[in-house]
Structures are given as C-alpha cells and as structure tokens.
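Here's the structure we're looking at; comments come further down.
These numbers come from the heavy atoms of this one structure, side chains and all, not from hydrogens, waters or symmetry mates.
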Amino acid sequence: MIFANITLGSNVEIDPSTSINNVTIKDKTRIAKRCSIYGGPNNILEIGYNGYVGMNSILNGFAEKITIGDYVSISQNVNMMVDSGPNASVSLQRLFPIIKGPIHIGDNCWIGASSIIMPNVILGNYCIVAANSFVNKSFPDFSIIGGTPARLIRTFTQEEKAKVLAGQNNEISSYEDNYLDLPFEDTLRKYRKKNILDTLKTDSHTRFLEIGCGPDPLFQTITEFERMVVVEPGKAFYKMVTPLVDKVDNVLIYNDLIENLTDKLKNENFDVIVIGGFLHEIDNPSEVLYCIRNICRKHTLVYSFVPNAKSFHRLLAHKTGIIKNIYEKSGHDELFNRKNVYDSDTFNKLFINNGFNVLMNGSYFVKPFTHDKMSELLTKKIINDSYLDGLEQMIEYMPDLGSELWNLCTIND
C-alpha cells in the first residue's frame, strides 16, 4: 500500500503488500513483501539506486532521516529505527530516556537478516553486517561487523578492496585507507574519547573546534553545545561525517587544512580546541600550533594526543629485543609516514616552544601488545571488554605507560 509524498525512479518494483510513505526511491530498486518503509513530512526517507529491501523489513524514519545509499542490499526482517525507548511509560523514561537520531547507510552495503540498526548510526561504504546483529554505533568504510552489540570483526583486505573498487574512482587517500584498515583502532578510540571527556569536563563549555575528526566526530558524544566547528582535511572522512552534520544544529564542517582557515576561525571565541592525533604525522607541527595559537583566546583549552614512545608495549618490545630502542619507528609509523615519535617531555616541549602553557598531561590505556596482537586476542575471545576496561584502569598504577599521551594547554599571555 502506497500512501502519499512518494517519489519513485524508473523501474522501481514494490510488492503490493508493502506500505511506504514519505519516501524517495531511485531507479531499479526492489522492495519485497510485507515491508513498512516510511519517513516523516520533514524527514523524507531516501533509498538509492539499484537497491533491495527484503521481506518483513521495517525502516522507521518518521522522527529523523534515514538515508540509504546506492547498491545497498537489505535482507529480510531488518529493523532500522531512528527513535527508541519506552515511549508509553513516562516513569521508565526517567531511567531509560528515549534516544533519537538519523541513520545513514553508505553505498554498496549488505545488511544481514534480522539485524537492528539503532539511531545515530553511520555505516560507511562497503560495510557488511552479519545476520542477527544489534548495531548501536558507527563503523567506517570496508567494515565487516556483527554481534550484540555489533563490533568490528575485520576490515576488507587490500586485495578485497581492489576487487570491489575495480573500475571505480576511489576517493580514499592512502592515509585514510590505511587508517580504516588499522586493527584495534576502533577499540582504542573509545578510551581516547573517554579521556577527552573526563579531562575537559565538556558540560562546562559551549564552543568547540575539533581538528581532524576522522570517522568519529566529537559532536556524536558531546550533545550540549552552542557551536561546534569541525576541520577534516581527508575527503573520505569528510564525506563520511557530512550526513551527521546535516542533522545536528550549530555544527559546521570544513574539508580543508587548519592552516588555510585561521582568518575564518579566529573570531569564533572557542572554549575548547581538540587537536586530533596527527601532530606526530606532519612535517610542520610548529606551523599548525602557530595557527591554532592565533585562533585561541586567553582561556581557550587546547587538548591534543599522540602515541607514546614510552608506552608499556614499546618498552616490552624493547626489553624483549623486538625493537632496538623505544624511539624506533614501528610498522604503523612507517605505514603512515609518521615524522616524529614523542615521549612526554618532547611532546610537552613542542607546545611550550610554540607559546603554550601545559596545564595537565598524562597518558591513558595500558596496552600490553601491538594493535595487531590486541585485535587478534579480541577476535579469538581470549580477552573481552572487562579485560580492556581493566587495562584502562591500570593507568592508576602506570600513569606514564599508557598507549597514548595527552596534554591540556592554554596560550601564554
């Protein structure tokens, strides 16, 4: 049954038993039996070119927008919901508030049977979701995910990417490609973000600048703010994050280098500037910090992070003879063409020498092994989330041995 506010491309096939409302569907897409697919008057649900939706699937986009890319395969009994909670019980809502947010499924994705996609989820291009998965967080391009809740099983190999991208224009740079392929990074990012929030006490600030958001921007976690500006130079990351920006008030994103934006941003009066973990990867960290210093006002807090040369796993590798010294570049350092390896002293001096005061500094997440080995241990279920939380809490006893360094600065008067 088709209701109203429908835009259909050519050769679209919809089974008569399916209900759709407030939707736009591009050419050659097929919708199977007994589906319920609807957007809202102000949130038109969009399904791309040559897609498929399996029988009994529910795509509920009334409260927020659902966007589904081209060539997306949605198996039977899939449920996508943009709002979730005990909406009939005000009492339970005091404990379990209703969550609401858009859903974006990138091109060429495959959603397995009986999977549930929750609000505020972005799946990049070429993602595969195993059957019976509960997806409540976002994943980048080329992710194979599954479970309840869903977690990264693995990313496509370079050979697999080459096969699926054959004959297409690939917008992903080698840096972004390697980053999306990096094992364990998705897990470490969780603890990195926790440290950012704990250190900054973000509920007391209103105007934020994030430089280098990657696939997981802060505005997905920090929801109370007056203004959020994101600067992301990577085209693929920018493309991945843009659909989220479109649905959040007071967020502006630039696909550019911070060096090119100083004049535009210097009057924004930011309370907080977060520098993504890239200062060790560039030739001109002092130039970048000079630009950031010119954007700061007197009390702006500047938070940054980089890998730790004196992390537990580097020290262990040195003592067991795997590396000659802790400042030796690792395989990942070489892969990303990283320019510097910092310890706490050299990282803080970088800021001090460029006109900043270091208010606080430390490290987080004691990682005993490399990213590759940690990922393998998780995949084989030798370690679990409780083990990872324990490693994070070990920083109490090993404050300088965390996987990554951080500092919090202000500018000199």
Side-chain angles (χ1 to χ4, degrees), residues 140 173 175-176 179-180 185 188-189 192-193 195-197 199-200 202 205-222 225-242 244-245 248 250-297 299-307 336-340 342 347-348 350-351 353-361 404-411:
S173 70
Y175 174 89
E176 292 165 302
Y179 182 87
L180 294 171
E185 182 64 23
L188 183 59
R189 194 159 54 237
R192 180 186 300 143
K193 186 164 287 188
N195 189 71
I196 292 173
L197 299 182
T199 302
L200 291 173
T202 54
H205 306 292
T206 62
R207 300 181 68 85
F208 295 83
L209 169 63
E210 182 178 15
I211 307 169
C213 67
D216 189 19
L218 278 174
F219 64 79
Q220 288 193 105
T221 303
I222 303 172
F225 54 84
E226 175 188 321
R227 174 78 159 167
M228 179 86 73
V229 177
V230 179
V231 176
E232 174 49 63
K235 289 183 179 179
F237 292 153
Y238 173 79
K239 185 177 180 181
M240 189 181 300
V241 171
T242 297
L244 275 181
V245 173
V248 181
N250 302 323
V251 175
L252 178 65
I253 185 168
Y254 292 98
N255 184 206
D256 206 341
L257 297 171
I258 189 64
E259 300 95 299
N260 300 328
L261 298 169
T262 306
D263 289 340
K264 285 186 178 181
L265 300 178
K266 64 183 179 182
N267 295 320
E268 286 276 1
N269 294 321
F270 293 113
D271 298 316
V272 172
I273 297 175
V274 176
I275 307 172
F278 64 83
L279 290 176
H280 59 301
E281 297 175 339
I282 58 177
D283 291 312
N284 62 336
S286 292
E287 180 183 347
V288 168
L289 290 180
Y290 175 82
C291 294
I292 292 170
R293 192 179 189 284
N294 286 334
I295 295 170
C296 290
R297 55 180 182 169
H299 299 296
T300 301
L301 296 176
V302 179
Y303 177 100
S304 188
F305 58 92
V306 292
F336 289 97
N337 195 26
R338 290 169 175 166
K339 310 301 180 183
N340 296 289
Y342 290 107
F347 186 49
N348 289 331
L350 173 66
F351 282 81
N353 292 340
N354 284 283
F356 289 86
N357 296 312
V358 177
L359 305 178
M360 301 169 60
N361 66 281
E404 294 185 335
L405 298 167
W406 63 272
N407 65 22
L408 185 68
C409 302
T410 57
I411 60 172

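For the ring pair (Phe, Tyr, Trp, His ring centres under 6.0 Å) test, residues two or more places apart in sequence or in another chain that qualify with Phe356 are Phe351. A search for side-chain contact (heavy atoms from CB on, under 4.5 Å) contacts involving Arg297 returns Asn269, Asp271, Thr300, not counting sequence neighbours. Partners of Thr242 under the side chain to side chain donor-acceptor pair (under 3.5 Å) rule, at least two apart in sequence or in another chain, do not exist in this structure. Every residue was checked against the ring pair (Phe, Tyr, Trp, His ring centres under 6.0 Å) condition with Phe225, not counting sequence neighbours, and none meets it.
Two residues are said to be in side-chain contact when any heavy atoms from C-beta on lie closer than 4.5 Å; Phe270 and Leu301 fail this criterion. Using a 4.5 Å heavy-atom threshold, the side chains of Leu350 and Ser286 count as touching. For the pair Asn357/Cys409, no side-chain contact is recorded, criterion being any heavy-atom separation below 4.5 Å from C-beta on. Residues Ser304 and Phe347 meet the side-chain proximity criterion, which asks for heavy atoms closer than 4.5 Å. In this structure the side chain of Leu279 reaches within 4.5 angstrom of the side chain of Leu289, judged on heavy atoms. Side-chain contact between Leu209 and Val231: present, with at least one pair of heavy atoms (C-beta onward) separated by less than 4.5 Å. Side chains of Asn340 and Val306 form no contact here, defined as non-hydrogen atoms less than 4.5 Å apart.
Judged as a salt bridge (charged side-chain N to carboxylate O under 4.0 Å, His left out), the pairs with a partner in residues 255-265 (not counting sequence neighbours) are, in order, Asp263-Lys266. The salt bridge (charged side-chain N to carboxylate O under 4.0 Å, His left out) contacts involving residues 283-293 comprise Asp283-Lys339, where partners must be two or more places apart or lie in separate chains.
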Q) Under the side-chain contact (heavy atoms from CB on, under 4.5 Å) criterion, do Leu252 and Met228 qualify, and how do the steps go? A) CA-CA 6 Å; Leu252 178 65; Met228 179 86 73; over 6 Å; no
Q. Going through the checks in order, is the side chain to side chain donor-acceptor pair (under 3.5 Å) test met by Tyr303 and Asn195?
A. CA-CA 10 Å; Tyr303 177 100; Asn195 189 71; 2.7 Å; yes
Q: List the steps, then state whether side-chain contact (heavy atoms from CB on, under 4.5 Å) holds for Val302 with Val272.
A: CA-CA 6 Å; Val302 179; Val272 172; over 6 Å; no
Q: Check the pair Phe208, Val230 against side-chain contact (heavy atoms from CB on, under 4.5 Å), reporting the backbone distance first and the verdict last.
A: CA-CA 8 Å; Phe208 295 83; Val230 179; over 6 Å; no
Q: Take Val241 and Ile253, measure what side-chain contact (heavy atoms from CB on, under 4.5 Å) needs, and give me the verdict at the end.
A: CA-CA 9 Å; Val241 171; Ile253 185 168; 4.0 Å; yes
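Taking 4.0 Å as the cut-off between side-chain N and carboxylate O, Glu404 and Arg189 do not count as a salt-bridged pair.
How far NE2 of His280 is from CZ of Phe305: 9.0 Å, rounded to the nearest 0.5 Å. Here the CZ-SG distance, from Phe219 to Cys213, works out to 7.0 Å after rounding to the nearest 0.5 Å. Rounding to the nearest 0.5 angstrom, the gap separating the CG atom in Asn294 from the CD1 atom in Ile292 is 10.5 Å. For the atom pair CD1 of Ile275 and CD1 of Ile211, the computed distance is 5.5 Å after rounding to the nearest 0.5 Å. Between Thr199 atom OG1 and Leu359 atom CG the span is 11.5 Å, to the nearest 0.5 Å. We find the CH2-CG distance between Trp406 and Leu200 to be 9.0 Å, quoted to the nearest 0.5 Å.
Side chain of Asn407 to main chain of Asn348: no donor-acceptor pair is present (N/O by atom type, distance under 3.5 Å, no hydrogens or angles). In this structure, the side chain of Arg207 engages the main chain of Glu268 through a donor-acceptor pair within 3.5 Å. With hydrogens and angles disregarded, no donor-acceptor distance shorter than 3.5 Å links the side chain of Glu210 to the backbone of Val274.
Between Pro215 and Gln220, the shortest heavy-atom contact is O-NE2, 4.4 Å. Here the closest heavy-atom approach between residue Val245 and residue Val251 is recorded as CG1-O, 3.6 Å. Between Pro307 and Leu405, the shortest heavy-atom contact is O-CD1, 4.2 Å. Residue Glu226 comes nearest to Asn250 through the heavy atom pair O-CB, 3.2 Å, listed as atom of the first residue, atom of the second, then distance. Contact between Cys296 and Ile411 at its shortest, heavy atoms only, is CB-CG2, 3.6 Å.
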